[in-house]
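One structure is given here, and the rest of the page talks about it.
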Amino acid sequence: MAGLVIDERDQEFVLFDMLKIPGVFSGMEAYREYTKELIEMTLRSAGNMARKVIYPTLMESDREGCRLEKGEVHVPRCFHDAKKKFIEGGWHLAAVPAESGGQGFPYALHVALSEGFIHNFSFYAYIYLSIGAARLIDRHGSAAQKKKYMEKMYSGLWGGCMALTEPEAGSDVGSLKTRAVRRLDGSFRITGTKIFITGADSDLYENIIIPVLARIEGDPPGTGGISIFLVPKYIVNDDGSLGKRNDYVISSLEHKMGLRASSTCMINFGDGGDCYGELLFEERKGMRVMFELINSSRVGVGLQGLGTAGAAYLQALNYARERKQGPDLMNFKNPDSPRVPIIEHPDVRRMLLWMKSHVEGMRALIYFCGFCFDMARTAGSADEKEKWEGFLEVLTPVCKAYCSDTGFRVTEYAMQVFGGYGYCQDHPIEQFMRDLKAASLYEGTNGIQALDLIGRKIGMKGGRYFINLLGEMNSTMAAYSGDEALRDIRDDLKSAVDLLGETAGFFARCGKEGNFFVPVTNAYPFLTMMGTVTMAWLLFWQSGAASEKLRGLYERHHIPADNKNATAPFISENSEAAFLEGKIISARYFIKNVLPAADSLARGIKSGDLSVMDICDESFGL
Ligand SMILES: Cc1cc2nc3c(=O)[nH]c(=O)nc-3n(C[C@H](O)[C@H](O)[C@H](O)COP(=O)(O)OP(=O)(O)OC[C@H]3O[C@@H](n4cnc5c(N)ncnc54)[C@H](O)[C@@H]3O)c2cc1C
């Protein structure tokens, strides 16, 4: 199974055939140089890094885990060499703008290449969070802070993380208790406890800069009173050298179900009364600053769902082709008939196609979000910019919650394909499952994402962003309206898109009538419905692009497209035709077999049933 982590063929299909990126980018000043050849070369090279450097550390690092010794965190030994190669390759700077010394890749390309790295989230998080913290300083720090911290963080010498959570402030960040006291020299002294902080300490970096959310003494309660501070592990001297150890301790490491090679730290700040911190940006603007990082991290968590699920699918597929069990269906009663690879069994095929269609849909969703970011960034007018930003706003909670939960289910199906061997540690499947579960919890639990979707995102700008997204879905259907072979699934998709709009309208009416418990208790079912319809749209889009390409291929090979006896052998012999046919079938499978769930979800939502609120606490049981 060595290195089965990424399907570059499908990545290229999404970027080139669906989003038509080189063509779109060719008209943009910022991205003109991103030709098909350059993108292909970059993906190949990222794929090599993923397969040859990162994947080999996956299981070894899980076995070794992290250690806390004398207040210092030691990460698995194999991470040191992997980090060195990763930094030498410049991959950590992929999304950092060129003006800041980075590669300045388009975001769509950045998510595509990161897909191969993120299946080993324990490893990737050390890098990803460090660069995320550096980006905060880049965008909001003073010139002195950039010089003092950011440059070394971008160079890969110093690390970073993000410290929000406290024992009594998880989802409810606004009730945090960490305090900041102002000193005459303009610096602050921090006291408090943060928990669950990923990568707060490690021996991968010489120094670690922790962006900490805290409240300045006297500032109001709630999120509006929160500021953000840079708290370095070692105080930095004026000449840039490392000074004394700051007054905080890593008091423990969490013992987790998965992500065991990622250090999840409890930090006690200022037990000695002298924990140095510097204000980043303005006072009481901490949540605004942090939210920039959180929003892109939410798409990043969706990517984690995709990357892990994608690797689990490829490994399950490979296993299903190799593992032999039982005769095929037609010879079931003959004990002498040859044993066949399990991929021949209909139930295994069902699981594989379920995984394939979900992985491909998630890939399309996340890359589309990356594309929206690029389009907004380079938009020529305010209206254009708002259109792409609007898609991104409404899709971010869906990306985060739908892809983390669905990705987890893909790993579960992968285990089912592996049978008992998947449950054992000989294969990484059980680790993928353990590692991915946390993605439903951090960066705002999936329940909180659903509330954000219905409480804020759907109604944003008077509902315009959401309506524009539905309009985009309808435009895709119109673009492929001439393809008769797709008529059936197009009709199904059209009904589902209309139903999604109607259900959002139903929520709006409930709100107006004061029935706000109906939308609130149904936020998660609505998010699932929206995720399902969005995936169906993107898969339909892919099937339209694939069908067009396949017709061209038939023409070039003089194969009559409407004669199954001619197309079937061609498809099994020609790998490009097989791939394209696989895309069309993925979409058909999803729309015929998964999309109907949108109907039942809408039915439940529109029933207005409030059992969830009617049941009293005591009636839940013991
Ligand atoms: C592996 C791991 C790594 C992490 N890394 C970091 C990190 O680097 N930095 C950091 O700051 N934090 C980190 N966290 C913390 C993470 O962000 C929190 O666990 C998360 O925000 C949830 O908080 P909580 O655990 O206190 O759960 P709670 O907030 O107690 O939630 C428990 C349940 O109640 C629900 N709930 C809570 N409030 C509401 C509400 N108002 N309405 C509806 N439902 C609600 C939640 O959805 C959830 O289902 C990490 C966590 C884990 C597990």
Side-chain angles (χ1 to χ4, degrees), residues 62 65-66 73 121-133 136 159-178 192-202 208-214 222-223 226 228-229 231 250 252-267 269 286-287 289-291 293-298 300-301 304-305 308 397 400-401 404-405 408 431 433-456 516-517 519-527 612-613:
D62 180 64
C66 292
V73 174
F121 191 74
S122 288
F123 171 75
Y124 192 53
Y126 291 109
I127 315 264
Y128 173 80
L129 289 168
S130 298
I131 294 302
L136 283 188
C161 57
M162 51 196 250
L164 294 80
T165 307
E166 298 181 7
E168 304 307 326
S171 303
D172 183 13
V173 183
S175 61
L176 62 76
K177 294 197 171 65
T178 299
T193 301
K194 295 281 176 187
I195 57 164
F196 292 151
I197 309 306
T198 305
D201 198 55
S202 82
I208 293 180
I209 315 304
I210 310 183
V212 178
L213 289 187
T223 48
I226 295 176
I228 185 165
F229 299 88
V231 177
I250 304 294
S252 66
L253 286 183
E254 299 301 336
H255 298 281
K256 309 191 295 294
M257 163 183 171
L259 299 178
R260 289 182 182 158
S262 162
S263 62
T264 305
C265 306
M266 178 189 245
I267 320 172
F269 295 100
M287 285 308 285
V289 170
M290 192 58 109
F291 250 90
L293 184 56
I294 289 174
N295 267 334
S296 63
S297 294
R298 285 181 175 168
V301 174
Q304 186 191 352
T308 311
K400 194 277 173 184
S404 54
D405 280 350
F408 180 75
Q431 186 187 341
M433 216 173 150
R434 286 188 284 110
D435 283 358
L436 191 51
K437 188 58 221 165
S440 303
L441 306 171
Y442 46 54
E443 295 303 345
T445 62
N446 286 356
I448 298 290
Q449 299 303 316
L451 289 173
D452 183 44
L453 177 68
I454 62 124
R456 233 163 49 88
F516 82 102
F517 271 120
V520 168
T521 53
N522 282 296
Y524 187 81
F526 181 80
L527 184 142
V612 165
M613 300 314 296

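Counting convention: from 1, in listed order, for ligands and their atoms alike.
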*Lys256 (side chain) donor-acceptor with Ala438 (main chain) under 3.5 angstrom*: no
*Measure from atom 49 (O) of ligand 1 to the protein's non-hydrogen atoms and state whether any distance is below 4.0 Å.*
no
*Close N or O approach (Ala438, ligand 1; < 3.5 Å)*: no
*asked:* Any nitrogen or oxygen of Thr264 lying under 3.5 Å from a nitrogen or oxygen in ligand 1? Just yes or no.
replied: no
*Which of the numbered atoms in ligand 1 are below 4.0 angstrom from a heavy atom of Thr198?*
3 (C), 4 (C), 5 (N), 6 (C), 7 (C), 8 (O)
*Just heavy atoms, cut-off under 4.0 Å: does Thr165 contact ligand 1 by side chain, backbone, both, or neither?*
both
*Out of Leu164, Asp172, Ile448, whose heavy atom sits nearest atom 41 (N) of ligand 1?*
Ile448
_With a 3.5 Å distance limit and no angle check, can you tell me whether Lys194 reaches the backbone of Leu213 through a side-chain donor-acceptor pair?_
yes
*Does atom 13 (C) of ligand 1 have a protein heavy-atom neighbour under 4.0 Å away?*
yes
*Got a protein heavy atom sitting under 4.0 Å from atom 20 (C) of ligand 1?*
yes
*Side-chain donor/acceptor of Ser404 to backbone N/O of Ala401, under 3.5 Å*: yes
*Is Ser171 in polar range of ligand 1, meaning some N or O pair under 3.5 Å apart?*
yes
*Would you confirm whether Lys437, through its side chain, and Met257, through its main-chain N or O, come within 3.5 Å as a donor-acceptor pair?*
no
*Below 4.5 Å, heavy atoms only, C-beta onward: do Leu164 and Ile294 meet side chain to side chain?*
yes
*Please identify which atoms of ligand 1 are closer than 4.0 Å to at least one heavy atom of Leu451.*
42 (N), 43 (C)
_Verdict with supporting geometry, Gln304 and Tyr128, side-chain contact (heavy atoms from CB on, under 4.5 Å)_ = CA-CA 12 Å; Gln304 186 191 352; Tyr128 173 80; over 6 Å; no
*asked:* Given 3.5 Å as the limit, does a donor-acceptor pair link the side chain of Ser297 with the main chain of Gly300, or not?
replied: no
*Is a donor on one side and an acceptor on the other found under 3.5 Å between the side chain of Thr264 and the backbone of Glu254?*
no
_Judged on heavy-atom distance to atom 7 (C) of ligand 1, which of Tyr442, Phe196, Phe121, Tyr524 sits nearest?_
Phe196
*Give the residue, atom name and distance (to 0.1 Å) of the protein heavy atom nearest atom 22 (C) of ligand 1.*
Thr445 CG2, 3.8 Å
*Can you confirm whether something in the protein, heavy atoms only, sits under 4.0 Å from atom 29 (O) of ligand 1?*
yes
*asked:* Using side-chain heavy atoms (C-beta onward) and a distance below 4.5 Å, is Thr308 in contact with Phe121?
replied: no
*asked:* Quick check on contacts: which atoms of ligand 1 are under 4.0 angstrom from a heavy atom of Leu441?
replied: 20 (C)
*Which of the atoms in ligand 1, numbered in the order shown and given with their element, are less than 4.0 Å from a heavy-atom of Ile197?*
7 (C), 8 (O), 9 (N), 10 (C), 11 (O)
*Any protein heavy atom under 4.0 Å from atom 32 (C) of ligand 1?*
no
*Where the side chain of Gln449 meets the backbone of Glu443, is there a donor-acceptor pair that is under 3.5 Å apart?*
yes
*How far is atom 26 (O) of ligand 1 from its nearest protein heavy atom, and which residue and atom name does that atom have?*
Gly170 CA, 3.3 Å
*asked:* Give me the nearest non-hydrogen protein atom to atom 9 (N) of ligand 1 as residue plus atom name, then the distance to 0.1 Å.
replied: Met162 O, 2.8 Å
*Kindly compute the distance separating CD (Glu168) from CG (Leu176), expressed to the nearest 0.5 Å.*
12.0 Å
